[in-house]
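Nothing here was measured: the structure is a model prediction, and the numbers come from that model.
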Amino acid sequence: MKPVLLVIAHGSRDPRHAATVHALVRRVRSLRPDVRVETGFLDFNIPSVQGMLESLAAQGVRDVVALPLLLTRAFHAKADIPAVLRDAPSRLRIRQAEVLGPSPLLLSALERRLYEAGLTPDDKSSTGVVLASAGSTDPEAIAVIADIAREWRHTGWCAVRPAFASAALPRTEDAVRELRALGCAKVAVAPYVLAPGFLPDRIARGAADADVLAEVLGPAPEVARVLLERYDAAAARGLLRLTASA
């Protein structure tokens, strides 16, 4: 039996968040019908991560890959999720997968959203892009966003600037102004977030003076593929450890 894939989402009071998470999980299931995929939320929504782990254990499940539905390794990936997993029923063998980012597939998903919002590949060289993330107090997470912006710039955009909805600067509106000052013919905002909610709404408000505002990544097919890549890597690492100790 393959390990159950437990997608761990943050959760939100905004109903759009859970709806988007469930849409993404449905896409993952459609790509890999041989893998059981479940969802647990850290806060606000049900089922909770702990409740789902207890349910899986009660059903006789033994192996679980816990996958943080996060784009960077910040506090939730480093502290909150490991703490919840440590309290899981002892019968479960749990492997925590890596977070989704960075990944070339996510850059492809960002471009998909920009083209869906009205840009074309011919606009690339004259368009400046704001890579707008939720933000974090974790220096590692901030550095990753800056690295992604630099990498994305090398694919042909006029310029790419990182921005943050909270905890770090610059804000989206500041990055939009900077790209205008650089002389970019168009300015687009690409939210580097997975689901709608309070901070993505703040990004949208900051994009008021941009020419294009893309949708959140949501259930983009590239995001689903990244989830499965992380699942397969975690499952393989577990199998290698079991083989080595056999």
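- Atoms CG and SG, on D123 and C184 in that order, are 12.0 Å from each other to the nearest 0.5 Å.
- Separation of atoms NZ (K186) and CG (L114) is listed at 11.5 Å; rounding is to 0.5 Å.
- When the shell of 6.0 Å around CZ of R13 is examined, it contains 12 or fewer heavy atoms from other residues, nucleotides or ligands.
- Remark: L5 CG to R32 CZ distance equals 9.0 Å, nearest 0.5 Å.
- A continuous path of Ile, Leu, Val, Met, Phe, Trp and Tyr side chains, each step under 4.5 Å between heavy atoms, connects V84 with L56, placing both in one hydrophobic cluster.
- Listed for the R93 side chain is no donor-acceptor partner under 3.5 Å among the backbone atoms of S90.
- A 4.5 Å side-chain heavy-atom check between I94 and L6 finds every atom pair outside the cut-off.
- Hydrophobic clustering (side-chain heavy atoms under 4.5 Å, transitive across Ile, Leu, Val, Met, Phe, Trp, Tyr) keeps V176 apart from I145.
- For the pair S55 (side chain) and M52 (backbone), a donor-acceptor distance under 3.5 Å is absent.
- Using a 4.5 Å cut-off on side-chain heavy atoms (C-beta onward), R205 and E173 make no contact.
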Would you list the atom pairs, donor with acceptor, under 3.5 Å between side chains in residues 35-43 and any protein atom, with sequence neighbours excluded?
from : atom 1 : to  : atom 2 : distance (Å)
R36  : NE     : E38 : OE2    : 2.9
R36  : NH1    : Q59 : OE1    : 3.0
R36  : NH2    : E38 : OE2    : 3.3
R36  : NH2    : Q59 : OE1    : 2.8

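- Taking 4.5 Å as the limit, some side-chain heavy atom of R112 sits within range of a side-chain heavy atom of E222.
- Clustering ILVMFWY residues whenever any of their side-chain heavy atoms sit less than 4.5 angstrom apart, transitively, puts L199 in a cluster other than the one holding I142.
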Scan the side chains in residues 159-166 for donor-acceptor partners under 3.5 Å anywhere in the protein, sequence neighbours excluded, and list what turns up.
from : atom 1 : to   : atom 2 : distance (Å)
R161 : NE     : E178 : OE2    : 2.8
S166 : OG     : A134 : O      : 3.0

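- Heavy-atom neighbours of E54 CD from other residues, nucleotides or ligands within 6.0 Å: above the threshold of 12.
- Considering all non-hydrogen atoms of both residues, L169 and R171 come closest at CD2-NH1, 3.7 Å.
- Taking 4.5 Å as the limit, some side-chain heavy atom of L228 sits within range of a side-chain heavy atom of L31.
- Distance alone, capped at 3.5 Å, places no donor-acceptor pair between the D211 side chain and the A188 backbone.
- Proximity of L107 to P102: side-chain heavy atoms (C-beta onward) are nowhere separated by under 4.5 Å.
- Between the CD1 atom in I8 and the CG atom in L67 there is a gap of 8.0 Å [rounded to 0.5 Å].
- Under the 4.5 Å side-chain contact rule for hydrophobic residues, V216 and W152 do not share a cluster.
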Open item on the list: Evaluate V144 against R73 for side-chain contact (heavy atoms from CB on, under 4.5 Å), listing each step before the verdict.
Closed with: CA-CA 9 Å; V144 166; R73 270 184 49 78; over 6 Å; no
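- Here the side chain of K2 pairs no donor or acceptor atom with the backbone of A235 at under 3.5 angstrom.
- Contact of the P219 side chain with the R26 side chain is not registered, since no non-hydrogen atoms from C-beta on lie closer than 4.5 Å.
- Other residues, nucleotides and ligands contribute only 12 or fewer heavy atoms inside 6.0 Å of the CD1 atom of I46.
- Using cut-offs of 30° and 60° on the angle between ring planes, the pair F44 and H10 is tilted.
- Cluster annotation: L53 and V65 are assigned to distinct hydrophobic clusters (Ile/Leu/Val/Met/Phe/Trp/Tyr, side-chain heavy-atom contacts under 4.5 Å, transitive).
- A search for salt bridge (Lys or Arg N to Asp or Glu O under 4.0 Å) contacts involving R62 returns nothing, not counting sequence neighbours.
- The 12-atom threshold is not exceeded at CG of D209, counting heavy atoms of other residues, nucleotides or ligands nearer than 6.0 Å.
- Rounding to the nearest 0.5 Å places CG of D14 at 4.0 Å from CZ of R16.
- Ion pairing between a basic and an acidic side chain is recognised when a charged N comes within 4.0 Å of a carboxylate O; D232 and R225 show no such pairing.
- Residues P191 and I203 share a closest heavy-atom pair of CG-CG2, 4.3 Å.
- Listed here is the closest heavy atom pair of A97 and P68: O-CD, 3.3 Å.
- Closest non-hydrogen pair, L106 versus G101, comes out as CD1-CA, 3.7 Å.
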Open item on the list: Is there a side-chain contact (heavy atoms from CB on, under 4.5 Å) between L227 and L69? Walk through the geometry before answering.
Closed with: CA-CA 8 Å; L227 260 74; L69 196 61; 3.9 Å; yes
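- In this structure, T127 and V212 have side chains that are not in contact, with every pair of non-hydrogen atoms separated by 4.5 Å or more.
- Of all non-hydrogen atoms in L131 and Y192, the two that sit nearest each other are CD1-CB, 3.8 Å.
- Here the side chains of L217 and L110 are in contact, with some heavy-atom distance below 4.5 Å.
- Here the CG-NE2 distance, from N45 to H22, works out to 7.0 Å after rounding to the nearest 0.5 Å.
- When all heavy atoms are compared, the tightest approach of A117 to L213 is CB-O, 3.7 Å.
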Open item on the list: For a side-chain contact (heavy atoms from CB on, under 4.5 Å) check, start with the C-alpha distance between L182 and L179, then their side-chain angles and the critical distance, and finish with the verdict.
Closed with: CA-CA 5 Å; L182 283 175; L179 291 171; 4.0 Å; yes
TODO: Please test D147 against E151 for side-chain contact (heavy atoms from CB on, under 4.5 Å), starting from the C-alpha separation and ending with a verdict.
DONE: CA-CA 6 Å; D147 288 344; E151 178 183 350; over 6 Å; no
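- Across V28, L100, L71, a single residue satisfies side-chain contact (heavy atoms from CB on, under 4.5 Å) together with V223, and that is L100.
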